[in-house]
Amino acid sequence: MQTTQYQQARLTRDPRFDGHFFVGVTSTGIYCRPICPAPLPKEQNVRYFDSAVAAAESGFRPCLRCRPDSAPASWAWKGTDTTVERALRLIDEGALMQGSVTGLADRLGISSRYLTRLFQARMGTSPKRYALYQQLLFAKSLLQQTRLPVAEVAFAAGFGSIRRFNECFRDRLQMTPGALRRQGADTMVRGELTLFLSYRPPYNWSHLRDFLRPRLIPGLEWITDQGYGRSLQLADGTRGYFTATHDEARHGFRVAISLNRPAVMLPLVRNLRRLLDLDADSARIDDHLRPLLAPLGGPVPGLRLPGTLSLFEAGVRAILGQQVSVQAAHKLVGQLVNAYGETAPGPHGAMRLFPTPDVLAETDLAELRLPGRRKQTLIDLARLFRDEPEAATEPERWRSLAGIGPWTVQYARMRGGGDSDIWLGGDLGVKRALQQHDIVFDPETAAPWRSYLTLNLWSLT
DNA sequence: CGGAATTAATG
DNA sequence: CATTCTCCTGGG
(Lines give C-alpha, C1' and ligand atoms only; values in the text may rest on other atoms or scores of the structure.)
Protein backbone atom coordinates (compact mmCIF):
# COMPACT_ATOMS: atom_id res chain seq x y z
CA MET A 1 0.00 0.00 0.00
CA GLN A 2 1.24 3.43 -0.94
CA THR A 3 0.27 4.92 2.41
CA THR A 4 3.10 3.05 4.16
CA GLN A 5 5.59 4.66 1.77
CA TYR A 6 4.05 8.06 2.45
CA GLN A 7 4.18 7.44 6.20
CA GLN A 8 7.84 6.59 5.97
CA ALA A 9 8.56 9.64 3.81
CA ARG A 10 6.77 12.09 6.08
CA LEU A 11 8.33 10.68 9.28
CA THR A 12 11.81 11.16 7.81
CA ARG A 13 10.85 14.40 5.99
CA ASP A 14 12.38 12.91 2.85
CA PRO A 15 12.90 15.71 0.28
CA ARG A 16 12.74 13.22 -2.58
CA PHE A 17 9.01 12.92 -1.95
CA ASP A 18 8.38 16.65 -1.84
CA GLY A 19 5.42 17.44 -4.06
CA HIS A 20 4.48 13.81 -4.56
CA PHE A 21 1.93 13.96 -1.82
CA PHE A 22 0.56 16.28 0.83
CA VAL A 23 -0.29 15.66 4.45
CA GLY A 24 -3.61 16.92 5.78
CA VAL A 25 -3.77 17.26 9.55
CA THR A 26 -7.34 16.78 10.76
CA SER A 27 -6.73 18.34 14.17
CA THR A 28 -5.69 21.68 12.65
CA GLY A 29 -7.32 21.70 9.20
CA ILE A 30 -3.94 22.47 7.62
CA TYR A 31 -2.09 20.58 4.88
CA CYS A 32 1.71 20.38 4.60
CA ARG A 33 4.52 19.18 2.40
CA PRO A 34 6.20 15.98 3.59
CA ILE A 35 9.26 18.09 4.46
CA CYS A 36 7.41 20.47 6.82
CA PRO A 37 9.64 21.42 9.78
CA ALA A 38 6.67 21.60 12.16
CA PRO A 39 6.38 18.88 14.86
CA LEU A 40 5.15 15.64 13.28
CA PRO A 41 1.40 15.13 13.70
CA LYS A 42 0.08 11.85 15.06
CA GLU A 43 -0.69 9.29 12.39
CA GLN A 44 -4.32 9.11 13.52
CA ASN A 45 -4.73 12.80 12.64
CA VAL A 46 -3.16 12.48 9.21
CA ARG A 47 -4.76 12.19 5.78
CA TYR A 48 -2.76 11.77 2.60
CA PHE A 49 -3.51 13.59 -0.65
CA ASP A 50 -1.72 13.36 -3.98
CA SER A 51 -2.18 16.99 -4.88
CA ALA A 52 -2.60 20.32 -3.13
CA VAL A 53 -5.99 20.84 -4.81
CA ALA A 54 -7.24 17.53 -3.47
CA ALA A 55 -6.31 18.60 0.07
CA ALA A 56 -8.03 21.94 -0.48
CA GLU A 57 -11.18 20.21 -1.74
CA SER A 58 -11.32 18.36 1.58
CA GLY A 59 -11.31 21.71 3.38
CA PHE A 60 -7.65 21.98 4.39
CA ARG A 61 -5.73 25.22 4.03
CA PRO A 62 -2.03 25.43 3.08
CA CYS A 63 0.56 25.52 5.87
CA LEU A 64 2.29 28.87 6.36
CA ARG A 65 5.60 27.29 7.31
CA CYS A 66 6.34 24.73 4.62
CA ARG A 67 4.29 26.60 2.00
CA PRO A 68 2.79 23.86 -0.15
CA ASP A 69 2.61 26.41 -2.99
CA SER A 70 6.42 26.15 -3.24
CA ALA A 71 6.53 22.37 -3.65
CA PRO A 72 7.77 21.06 -6.97
CA ALA A 73 4.94 19.82 -9.20
CA SER A 74 4.36 16.11 -9.28
CA TRP A 75 3.34 13.94 -12.16
CA ALA A 76 1.85 11.08 -10.20
CA TRP A 77 -0.91 10.81 -12.76
CA LYS A 78 1.55 10.62 -15.63
CA GLY A 79 0.97 7.78 -18.03
CA THR A 80 -2.43 7.02 -16.53
CA ASP A 81 -4.24 9.47 -18.75
CA THR A 82 -2.66 11.47 -21.53
CA THR A 83 -5.73 13.63 -22.04
CA VAL A 84 -5.72 14.84 -18.45
CA GLU A 85 -1.98 15.37 -18.71
CA ARG A 86 -2.38 17.53 -21.82
CA ALA A 87 -5.24 19.42 -20.20
CA LEU A 88 -3.18 20.15 -17.11
CA ARG A 89 -0.32 21.37 -19.22
CA LEU A 90 -2.54 23.72 -21.22
CA ILE A 91 -4.20 25.04 -18.06
CA ASP A 92 -0.78 25.60 -16.50
CA GLU A 93 0.19 27.56 -19.60
CA GLY A 94 -2.80 29.80 -18.92
CA ALA A 95 -5.46 28.27 -21.18
CA LEU A 96 -8.29 29.03 -18.73
CA MET A 97 -7.12 32.50 -17.82
CA GLN A 98 -8.36 33.99 -21.09
CA GLY A 99 -10.02 31.00 -22.76
CA SER A 100 -13.04 28.97 -21.72
CA VAL A 101 -13.40 25.38 -20.59
CA THR A 102 -15.31 24.67 -23.79
CA GLY A 103 -12.43 26.06 -25.83
CA LEU A 104 -9.97 23.89 -23.95
CA ALA A 105 -12.10 20.79 -24.53
CA ASP A 106 -12.19 21.63 -28.26
CA ARG A 107 -8.41 21.86 -28.38
CA LEU A 108 -8.20 18.45 -26.75
CA GLY A 109 -10.76 17.02 -29.15
CA ILE A 110 -13.22 15.98 -26.47
CA SER A 111 -16.53 17.34 -25.18
CA SER A 112 -16.48 19.67 -22.22
CA ARG A 113 -18.66 17.17 -20.40
CA TYR A 114 -16.04 14.47 -20.79
CA LEU A 115 -13.27 16.84 -19.76
CA THR A 116 -14.94 17.70 -16.47
CA ARG A 117 -15.67 14.01 -15.90
CA LEU A 118 -11.99 13.14 -16.39
CA PHE A 119 -10.97 15.92 -14.04
CA GLN A 120 -13.35 14.83 -11.36
CA ALA A 121 -12.06 11.27 -11.57
CA ARG A 122 -8.32 12.06 -11.76
CA MET A 123 -7.96 15.27 -9.81
CA GLY A 124 -10.97 15.27 -7.54
CA THR A 125 -12.05 18.69 -8.80
CA SER A 126 -13.21 20.53 -11.92
CA PRO A 127 -10.94 22.21 -14.53
CA LYS A 128 -11.95 25.72 -13.51
CA ARG A 129 -11.49 25.03 -9.80
CA TYR A 130 -8.08 23.48 -10.48
CA ALA A 131 -6.97 26.50 -12.52
CA LEU A 132 -8.25 28.93 -9.91
CA TYR A 133 -6.46 27.13 -7.11
CA GLN A 134 -3.15 27.25 -8.99
CA GLN A 135 -3.64 31.00 -9.38
CA LEU A 136 -4.34 31.37 -5.67
CA LEU A 137 -1.27 29.37 -4.65
CA PHE A 138 0.86 31.51 -6.94
CA ALA A 139 -0.65 34.67 -5.46
CA LYS A 140 0.12 33.31 -2.02
CA SER A 141 3.81 32.87 -2.83
CA LEU A 142 3.97 36.37 -4.31
CA LEU A 143 2.43 37.80 -1.14
CA GLN A 144 4.88 35.93 1.07
CA GLN A 145 8.02 36.33 -0.99
CA THR A 146 7.76 39.76 -2.59
CA ARG A 147 6.64 43.30 -1.88
CA LEU A 148 4.46 43.54 -4.94
CA PRO A 149 1.32 45.54 -3.98
CA VAL A 150 -1.70 43.30 -3.35
CA ALA A 151 -3.52 44.65 -6.41
CA GLU A 152 -0.54 43.77 -8.60
CA VAL A 153 -0.32 40.33 -7.03
CA ALA A 154 -3.93 39.72 -8.07
CA PHE A 155 -3.13 40.82 -11.60
CA ALA A 156 0.10 38.84 -11.80
CA ALA A 157 -1.78 35.71 -10.76
CA GLY A 158 -4.32 36.25 -13.53
CA PHE A 159 -7.27 37.81 -11.68
CA GLY A 160 -9.24 40.51 -13.46
CA SER A 161 -10.75 42.08 -10.37
CA ILE A 162 -9.49 42.57 -6.84
CA ARG A 163 -12.96 42.00 -5.54
CA ARG A 164 -12.99 38.49 -6.87
CA PHE A 165 -9.38 37.85 -5.88
CA ASN A 166 -10.15 38.68 -2.24
CA GLU A 167 -13.26 36.57 -2.26
CA CYS A 168 -11.59 33.46 -3.72
CA PHE A 169 -8.57 33.88 -1.50
CA ARG A 170 -10.69 33.97 1.64
CA ASP A 171 -12.84 31.12 0.51
CA ARG A 172 -10.08 28.66 -0.47
CA LEU A 173 -7.11 29.67 1.69
CA GLN A 174 -9.10 30.70 4.74
CA MET A 175 -7.24 33.97 5.24
CA THR A 176 -7.17 37.38 3.59
CA PRO A 177 -4.40 38.53 1.23
CA GLY A 178 -3.66 41.48 3.50
CA ALA A 179 -3.29 39.33 6.60
CA LEU A 180 -0.88 37.01 4.84
CA ARG A 181 1.19 39.93 3.59
CA ARG A 182 1.51 41.41 7.10
CA GLN A 183 2.84 38.12 8.47
CA GLY A 184 6.28 38.02 6.89
CA ALA A 185 6.82 41.50 5.54
CA ASP A 186 10.18 41.98 7.29
CA THR A 187 12.00 39.21 5.43
CA MET A 188 11.38 40.66 2.00
CA VAL A 189 13.77 42.62 -0.16
CA ARG A 190 12.43 45.85 -1.51
CA GLY A 191 12.55 46.86 -5.15
CA GLU A 192 13.26 43.41 -6.48
CA LEU A 193 10.95 40.66 -7.50
CA THR A 194 12.61 37.50 -6.27
CA LEU A 195 10.99 34.11 -6.02
CA PHE A 196 12.39 30.89 -4.69
CA LEU A 197 11.67 27.91 -6.93
CA SER A 198 12.40 24.53 -5.44
CA TYR A 199 13.13 21.09 -6.86
CA ARG A 200 13.39 17.55 -5.54
CA PRO A 201 17.00 16.51 -5.18
CA PRO A 202 19.13 15.25 -6.82
CA TYR A 203 19.61 18.14 -9.26
CA ASN A 204 22.68 18.14 -11.45
CA TRP A 205 23.18 21.87 -11.88
CA SER A 206 26.72 21.67 -13.24
CA HIS A 207 25.60 19.40 -16.05
CA LEU A 208 22.78 21.73 -17.07
CA ARG A 209 25.10 24.72 -16.90
CA ASP A 210 27.74 22.97 -18.98
CA PHE A 211 25.13 22.02 -21.56
CA LEU A 212 23.94 25.62 -21.88
CA ARG A 213 27.43 27.14 -21.89
CA PRO A 214 28.55 26.21 -25.43
CA ARG A 215 25.11 27.25 -26.71
CA LEU A 216 25.09 30.59 -24.92
CA ILE A 217 24.32 33.68 -27.00
CA PRO A 218 26.01 36.68 -25.36
CA GLY A 219 23.59 39.55 -24.79
CA LEU A 220 20.60 37.19 -24.98
CA GLU A 221 21.75 34.98 -22.11
CA TRP A 222 24.32 34.99 -19.34
CA ILE A 223 25.86 32.23 -17.24
CA THR A 224 27.88 32.19 -14.04
CA ASP A 225 29.12 29.27 -11.96
CA GLN A 226 25.92 29.27 -9.95
CA GLY A 227 23.43 30.91 -12.25
CA TYR A 228 21.75 31.38 -15.58
CA GLY A 229 19.78 34.32 -16.86
CA ARG A 230 18.37 35.68 -20.05
CA SER A 231 16.11 38.22 -21.71
CA LEU A 232 12.47 37.47 -22.29
CA GLN A 233 9.38 38.76 -23.99
CA LEU A 234 5.85 37.69 -23.06
CA ALA A 235 2.99 37.08 -25.45
CA ASP A 236 1.49 40.49 -24.64
CA GLY A 237 4.74 42.24 -25.54
CA THR A 238 5.99 42.74 -21.97
CA ARG A 239 9.78 42.66 -21.87
CA GLY A 240 12.28 41.88 -19.21
CA TYR A 241 14.80 39.34 -18.01
CA PHE A 242 15.43 36.88 -15.24
CA THR A 243 18.45 35.57 -13.39
CA ALA A 244 18.25 32.22 -11.63
CA THR A 245 20.85 31.43 -8.97
CA HIS A 246 21.33 27.90 -7.75
CA ASP A 247 21.04 27.24 -4.02
CA GLU A 248 22.01 23.65 -3.51
CA ALA A 249 21.51 23.67 0.26
CA ARG A 250 17.91 24.79 -0.07
CA HIS A 251 17.19 22.58 -3.08
CA GLY A 252 16.16 25.33 -5.41
CA PHE A 253 16.85 28.51 -7.36
CA ARG A 254 16.48 32.09 -6.32
CA VAL A 255 14.96 33.72 -9.39
CA ALA A 256 15.01 37.48 -9.82
CA ILE A 257 12.54 38.69 -12.41
CA SER A 258 12.43 42.15 -13.88
CA LEU A 259 9.67 43.28 -16.24
CA ASN A 260 9.11 46.64 -17.91
CA ARG A 261 5.47 46.71 -16.74
CA PRO A 262 3.06 44.71 -14.56
CA ALA A 263 2.07 41.49 -16.27
CA VAL A 264 0.44 38.14 -15.72
CA MET A 265 3.33 36.15 -14.32
CA LEU A 266 2.02 32.69 -13.55
CA PRO A 267 2.62 31.24 -17.05
CA LEU A 268 6.09 32.82 -17.08
CA VAL A 269 7.09 31.23 -13.79
CA ARG A 270 5.72 27.89 -14.98
CA ASN A 271 7.84 28.30 -18.08
CA LEU A 272 10.95 28.99 -16.03
CA ARG A 273 10.28 25.81 -14.08
CA ARG A 274 10.23 23.94 -17.37
CA LEU A 275 13.36 25.67 -18.64
CA LEU A 276 15.28 24.53 -15.57
CA ASP A 277 13.36 21.23 -15.47
CA LEU A 278 12.58 21.73 -11.78
CA ASP A 279 9.67 19.29 -11.64
CA ALA A 280 11.47 16.19 -12.90
CA ASP A 281 11.54 13.26 -10.55
CA SER A 282 15.23 12.51 -10.94
CA ALA A 283 15.47 9.79 -8.31
CA ARG A 284 12.82 7.77 -10.09
CA ILE A 285 14.11 8.51 -13.59
CA ASP A 286 17.65 7.50 -12.68
CA ASP A 287 16.41 4.26 -11.15
CA HIS A 288 14.45 3.53 -14.28
CA LEU A 289 17.43 4.12 -16.59
CA ARG A 290 19.97 2.30 -14.43
CA PRO A 291 19.62 -1.19 -15.97
CA LEU A 292 19.86 0.20 -19.52
CA LEU A 293 22.87 2.37 -18.82
CA ALA A 294 24.63 -0.10 -16.54
CA PRO A 295 27.27 -0.96 -19.22
CA LEU A 296 28.19 2.74 -19.29
CA GLY A 297 28.49 3.10 -15.55
CA GLY A 298 24.85 4.01 -14.95
CA PRO A 299 22.98 7.25 -15.52
CA VAL A 300 24.47 10.62 -14.64
CA PRO A 301 22.63 11.36 -11.38
CA GLY A 302 20.12 14.19 -11.29
CA LEU A 303 20.35 14.95 -14.99
CA ARG A 304 17.81 17.59 -16.04
CA LEU A 305 16.49 18.54 -19.44
CA PRO A 306 17.86 21.95 -20.48
CA GLY A 307 14.90 23.80 -21.95
CA THR A 308 14.66 26.83 -24.18
CA LEU A 309 12.49 29.78 -23.22
CA SER A 310 9.95 29.18 -25.97
CA LEU A 311 8.87 26.52 -28.40
CA PHE A 312 9.53 28.91 -31.28
CA GLU A 313 13.12 29.38 -30.14
CA ALA A 314 13.54 25.61 -29.86
CA GLY A 315 12.25 25.25 -33.42
CA VAL A 316 14.63 27.92 -34.72
CA ARG A 317 17.57 26.37 -32.89
CA ALA A 318 16.59 22.96 -34.25
CA ILE A 319 16.47 24.18 -37.85
CA LEU A 320 19.79 25.96 -37.49
CA GLY A 321 21.20 22.78 -35.96
CA GLN A 322 20.23 20.56 -38.87
CA GLN A 323 23.22 18.73 -40.32
CA VAL A 324 25.80 20.86 -38.51
CA SER A 325 27.84 20.69 -35.32
CA VAL A 326 26.83 22.35 -32.05
CA GLN A 327 29.52 25.00 -32.68
CA ALA A 328 28.30 25.79 -36.19
CA ALA A 329 24.67 25.96 -35.03
CA HIS A 330 25.67 28.20 -32.14
CA LYS A 331 27.35 30.62 -34.53
CA LEU A 332 24.24 30.79 -36.71
CA VAL A 333 21.92 31.42 -33.77
CA GLY A 334 24.24 34.20 -32.63
CA GLN A 335 24.15 35.82 -36.06
CA LEU A 336 20.38 35.55 -36.18
CA VAL A 337 19.94 37.16 -32.76
CA ASN A 338 22.36 39.96 -33.57
CA ALA A 339 20.80 40.70 -36.93
CA TYR A 340 17.10 40.44 -36.05
CA GLY A 341 16.74 40.56 -32.26
CA GLU A 342 15.73 43.86 -30.73
CA THR A 343 17.84 45.63 -28.15
CA ALA A 344 16.45 46.32 -24.69
CA PRO A 345 17.84 47.43 -21.34
CA GLY A 346 19.20 44.50 -19.32
CA PRO A 347 20.91 43.84 -16.00
CA HIS A 348 24.39 44.50 -17.35
CA GLY A 349 23.70 47.23 -19.88
CA ALA A 350 21.91 46.57 -23.17
CA MET A 351 20.70 43.10 -23.97
CA ARG A 352 19.20 41.35 -26.97
CA LEU A 353 15.78 39.79 -27.27
CA PHE A 354 15.28 36.64 -29.29
CA PRO A 355 13.82 37.59 -32.71
CA THR A 356 10.03 37.29 -32.81
CA PRO A 357 8.08 35.25 -35.37
CA ASP A 358 6.62 38.53 -36.67
CA VAL A 359 10.05 39.90 -37.53
CA LEU A 360 11.48 36.69 -38.97
CA ALA A 361 8.36 36.15 -41.09
CA GLU A 362 9.13 39.34 -43.00
CA THR A 363 12.87 38.96 -43.56
CA ASP A 364 14.90 37.27 -46.27
CA LEU A 365 17.63 36.25 -43.78
CA ALA A 366 20.23 37.77 -46.10
CA GLU A 367 22.53 38.18 -43.10
CA LEU A 368 22.82 34.45 -42.53
CA ARG A 369 25.22 32.11 -44.28
CA LEU A 370 22.76 29.30 -44.69
CA PRO A 371 21.44 27.24 -47.62
CA GLY A 372 18.43 28.96 -49.21
CA ARG A 373 16.14 26.03 -48.53
CA ARG A 374 16.90 26.13 -44.84
CA LYS A 375 16.32 29.89 -44.76
CA GLN A 376 12.92 29.29 -46.31
CA THR A 377 12.10 26.65 -43.69
CA LEU A 378 12.94 29.12 -40.96
CA ILE A 379 10.75 31.79 -42.55
CA ASP A 380 7.92 29.28 -43.01
CA LEU A 381 8.09 28.35 -39.34
CA ALA A 382 7.99 32.01 -38.33
CA ARG A 383 4.93 32.52 -40.53
CA LEU A 384 3.20 29.52 -38.99
CA PHE A 385 3.78 31.00 -35.52
CA ARG A 386 2.55 34.39 -36.69
CA ASP A 387 -0.51 33.22 -38.61
CA GLU A 388 -1.67 30.20 -36.66
CA PRO A 389 -0.18 30.50 -33.19
CA GLU A 390 -2.40 27.79 -31.75
CA ALA A 391 -1.56 25.22 -34.40
CA ALA A 392 2.12 26.08 -34.04
CA THR A 393 2.14 24.90 -30.43
CA GLU A 394 1.89 21.34 -31.73
CA PRO A 395 5.27 20.60 -33.40
CA GLU A 396 3.78 17.65 -35.27
CA ARG A 397 1.99 20.24 -37.43
CA TRP A 398 5.33 21.67 -38.49
CA ARG A 399 5.85 18.54 -40.57
CA SER A 400 3.76 20.09 -43.34
CA LEU A 401 6.55 22.63 -43.91
CA ALA A 402 9.30 21.72 -46.35
CA GLY A 403 12.57 21.07 -44.57
CA ILE A 404 11.12 19.93 -41.28
CA GLY A 405 11.61 16.28 -40.52
CA PRO A 406 11.22 14.07 -37.49
CA TRP A 407 14.54 15.09 -35.89
CA THR A 408 13.62 18.79 -35.92
CA VAL A 409 10.19 18.14 -34.46
CA GLN A 410 11.51 15.82 -31.77
CA TYR A 411 14.35 18.15 -30.82
CA ALA A 412 11.91 21.06 -30.48
CA ARG A 413 9.50 19.00 -28.40
CA MET A 414 12.29 18.00 -26.08
CA ARG A 415 13.89 21.39 -25.54
CA GLY A 416 10.95 23.73 -26.12
CA GLY A 417 8.06 21.63 -24.89
CA GLY A 418 9.65 19.87 -21.95
CA ASP A 419 8.65 16.48 -23.40
CA SER A 420 10.35 13.88 -21.22
CA ASP A 421 9.90 10.99 -23.63
CA ILE A 422 11.88 11.90 -26.74
CA TRP A 423 14.32 9.37 -28.16
CA LEU A 424 16.58 11.09 -30.70
CA GLY A 425 17.81 7.85 -32.23
CA GLY A 426 18.64 9.59 -35.50
CA ASP A 427 20.74 12.28 -33.83
CA LEU A 428 24.43 12.38 -34.73
CA GLY A 429 25.58 12.73 -31.16
CA VAL A 430 23.43 9.83 -30.03
CA LYS A 431 24.61 7.62 -32.91
CA ARG A 432 28.23 8.45 -32.17
CA ALA A 433 27.82 7.67 -28.48
CA LEU A 434 26.23 4.32 -29.24
CA GLN A 435 28.99 3.47 -31.70
CA GLN A 436 31.86 4.58 -29.52
CA HIS A 437 30.67 2.60 -26.56
CA ASP A 438 29.57 -0.29 -28.70
CA ILE A 439 26.17 -0.73 -27.11
CA VAL A 440 22.87 -1.92 -28.43
CA PHE A 441 19.64 -1.55 -26.54
CA ASP A 442 15.96 -1.04 -26.93
CA PRO A 443 15.17 2.60 -26.15
CA GLU A 444 11.50 1.65 -25.69
CA THR A 445 12.31 0.32 -22.25
CA ALA A 446 13.31 3.83 -21.18
CA ALA A 447 9.76 5.13 -21.70
CA PRO A 448 8.30 7.43 -20.49
CA TRP A 449 11.66 9.05 -19.87
CA ARG A 450 13.48 8.60 -23.16
CA SER A 451 14.57 12.26 -23.24
CA TYR A 452 16.76 11.56 -20.25
CA LEU A 453 18.23 8.56 -22.04
CA THR A 454 19.04 10.80 -25.00
CA LEU A 455 20.59 13.35 -22.68
CA ASN A 456 22.69 10.71 -20.94
CA LEU A 457 24.08 9.59 -24.29
CA TRP A 458 24.86 13.18 -25.29
CA SER A 459 26.83 13.58 -22.11
CA LEU A 460 29.15 10.75 -23.20
CA THR A 461 30.60 12.53 -26.25
C1' DC B 1 -22.33 43.60 0.06
C1' DG B 2 -25.96 42.70 -3.56
C1' DG B 3 -27.29 41.35 -7.85
C1' DA B 4 -27.18 40.87 -13.19
C1' DA B 5 -25.08 38.51 -16.82
C1' DT B 6 -22.38 34.84 -18.20
C1' DT B 7 -20.21 30.46 -18.01
C1' DA B 8 -19.29 25.95 -15.95
C1' DA B 9 -20.80 21.57 -13.81
C1' DT B 10 -23.96 17.91 -13.59
C1' DG B 11 -27.80 14.22 -14.04
C1' DC C 1 -29.23 18.58 -23.54
C1' DA C 2 -31.39 21.13 -20.07
C1' DT C 3 -31.13 22.54 -15.41
C1' DT C 4 -28.68 24.09 -11.62
C1' DC C 5 -24.59 26.15 -9.77
C1' DT C 6 -20.45 28.87 -10.01
C1' DC C 7 -17.73 32.52 -11.85
C1' DC C 8 -16.94 37.22 -12.83
C1' DT C 9 -17.21 42.14 -12.79
C1' DG C 10 -19.00 46.94 -12.42
C1' DG C 11 -20.91 49.96 -9.42
C1' DG C 12 -22.65 51.42 -4.78
Side-chain angles (χ1 to χ4, degrees), chain A residues 22 24 29 31 49-62 68-69 73 76-77 80-143 148-182 234-238 261-270 389-390 393:
Chain A
F22 295 87
Y31 73 92
F49 297 97
D50 50 30
S51 68
V53 212
E57 290 296 338
S58 296
F60 293 88
R61 71 145 171 91
D69 42 285
W77 47 78
T80 59
D81 199 322
T82 36
T83 310
V84 174
E85 207 183 302
R86 281 176 64 208
L88 287 168
R89 170 181 287 249
L90 289 168
I91 292 173
D92 287 347
E93 285 167 8
L96 292 185
M97 280 161 57
Q98 334 100 239
S100 66
V101 172
T102 319
L104 174 64
D106 286 347
R107 282 176 78 178
L108 295 166
I110 59 178
S111 70
S112 67
R113 182 74 188 93
Y114 188 50
L115 177 63
T116 49
R117 276 222 153 96
L118 283 176
F119 252 79
Q120 200 51 250
R122 291 276 162 247
M123 307 296 300
T125 191
S126 71
K128 192 67 199 174
R129 274 177 84 83
Y130 168 84
L132 200 57
Y133 199 68
Q134 302 309 309
Q135 291 177 251
L136 288 170
L137 288 183
F138 181 63
K140 175 176 174 287
S141 49
L142 287 177
L143 288 167
L148 213 57
V150 177
E152 279 181 44
V153 168
F155 179 51
F159 288 87
S161 83
I162 295 163
R163 159 91 161 71
R164 171 125 186 91
F165 171 63
N166 285 324
E167 187 179 67
C168 289
F169 204 94
R170 273 190 93 110
D171 179 48
R172 309 289 329 258
L173 305 186
Q174 293 158 41
M175 65 193 89
T176 64
L180 185 68
R181 169 47 65 74
R182 280 189 288 279
L234 306 182
D236 69 354
T238 305
R261 60 175 184 220
V264 179
M265 292 194 355
L266 181 49
L268 168 65
V269 172
R270 283 248 136 79
E390 206 165 275
T393 60

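The analysis underlying the following values was restricted to heavy atoms, covering all of them including side chains, and did not include hydrogens, waters or symmetry mates. Naming convention: chains lettered A, B, ... in sequence-line order (proteins, then strands); numbering from 1 in each chain. It should be emphasised that the depicted structure is a prediction, and the values quoted were computed from it without experimental measurement.
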Apply the test salt bridge (charged side-chain N to carboxylate O under 4.0 Å, His left out) to residues A:Arg261 and A:Glu152: give CA-CA distance (whole Å), side-chain angles for both, the deciding distance (0.1 Å), then the verdict.
-> CA-CA 11 Å; A:Arg261 60 175 184 220; A:Glu152 279 181 44; over 6 Å; no
How does DNA chain C read in dot-bracket, base by base from 5' to 3', with Watson-Crick or G-U pairs under 3.5 Å and | used when the partner is on another strand?
-> ||||........
Paired with B:dA5: which nucleotide, if any, by Watson-Crick or G-U wobble criteria at under 3.5 Å for both distances?
->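 In the structure as shown, B:dA5 has no Watson-Crick or wobble partner.
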Under 6.0 Å between ring centres, would you say that holds for A:Phe165 and A:Phe159?
->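 Yes, they do, as the ring centres are separated by less than 6.0 Å.
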Are A:Phe22 and A:Phe60 near enough that their ring centres are under 6.0 Å apart?
->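 No: the rings miss the under 6.0 Å criterion.
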Round to a whole Å and report the spacing from [atom1] of [X] to [atom2] of [N].
{"X": "A:Asn166", "N": "C:dT9", "atom1": "CG", "atom2": "P", "value": "13 Å"}
{"X": "A:Phe159", "N": "C:dG10", "atom1": "CZ", "atom2": "P", "value": "15 Å"}
{"X": "A:Phe119", "N": "C:dT6", "atom1": "CZ", "atom2": "P", "value": "18 Å"}
{"X": "A:Leu115", "N": "B:dT7", "atom1": "CG", "atom2": "P", "value": "17 Å"}
{"X": "A:Gln120", "N": "C:dC5", "atom1": "CD", "atom2": "C1'", "value": "14 Å"}

For a quick test of reading the model: is some side-chain N or O of [X] closer than 4.0 Å to OP1 or OP2 of [N]?
{"X": "A:Lys128", "N": "C:dC8", "answer": "yes"}
{"X": "A:Ser126", "N": "B:dA8", "answer": "no"}
{"X": "A:Thr102", "N": "B:dA8", "answer": "yes"}

What nucleic acid atoms does A:Thr116 come within less than 4.0 Å of, heavy atoms only: base, sugar-phosphate, or nothing?
->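 Base, at least one base atom sits under 4.0 Å.
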For A:Arg113, answer base if it contacts any base atom (sugar-phosphate contacts may also be present), sugar-phosphate if it contacts only those atoms, and nothing otherwise; contact means non-hydrogen atoms under 4.0 Å.
->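 Base contact.
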Look at the side chain of A:Arg163 against the base of C:dG12 and say whether a donor-acceptor pair falls under 3.5 Å; ignore hydrogens and angles.
->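 Side chain to base: no pair present.
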Salt bridge flag under 4.0 Å for residues A:Arg89 and A:Glu85 |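 No.
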Mark yes or no for whether A:Arg270, through its side chain, and A:Glu93, through its backbone, hold a donor-acceptor pair below 3.5 Å.
->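 Between the backbone of A:Glu93 and the side chain of A:Arg270 there is no qualifying donor-acceptor contact (under 3.5 Å).
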Report yes or no: does A:Arg181 contribute a side-chain atom to a donor-acceptor pair with the main-chain N or O of A:Leu148 at less than 3.5 Å?
->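 Present.
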Closest heavy-atom pair and its distance - A:Ala139, A:Ala157 |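 It is CB-CB, 3.9 Å.
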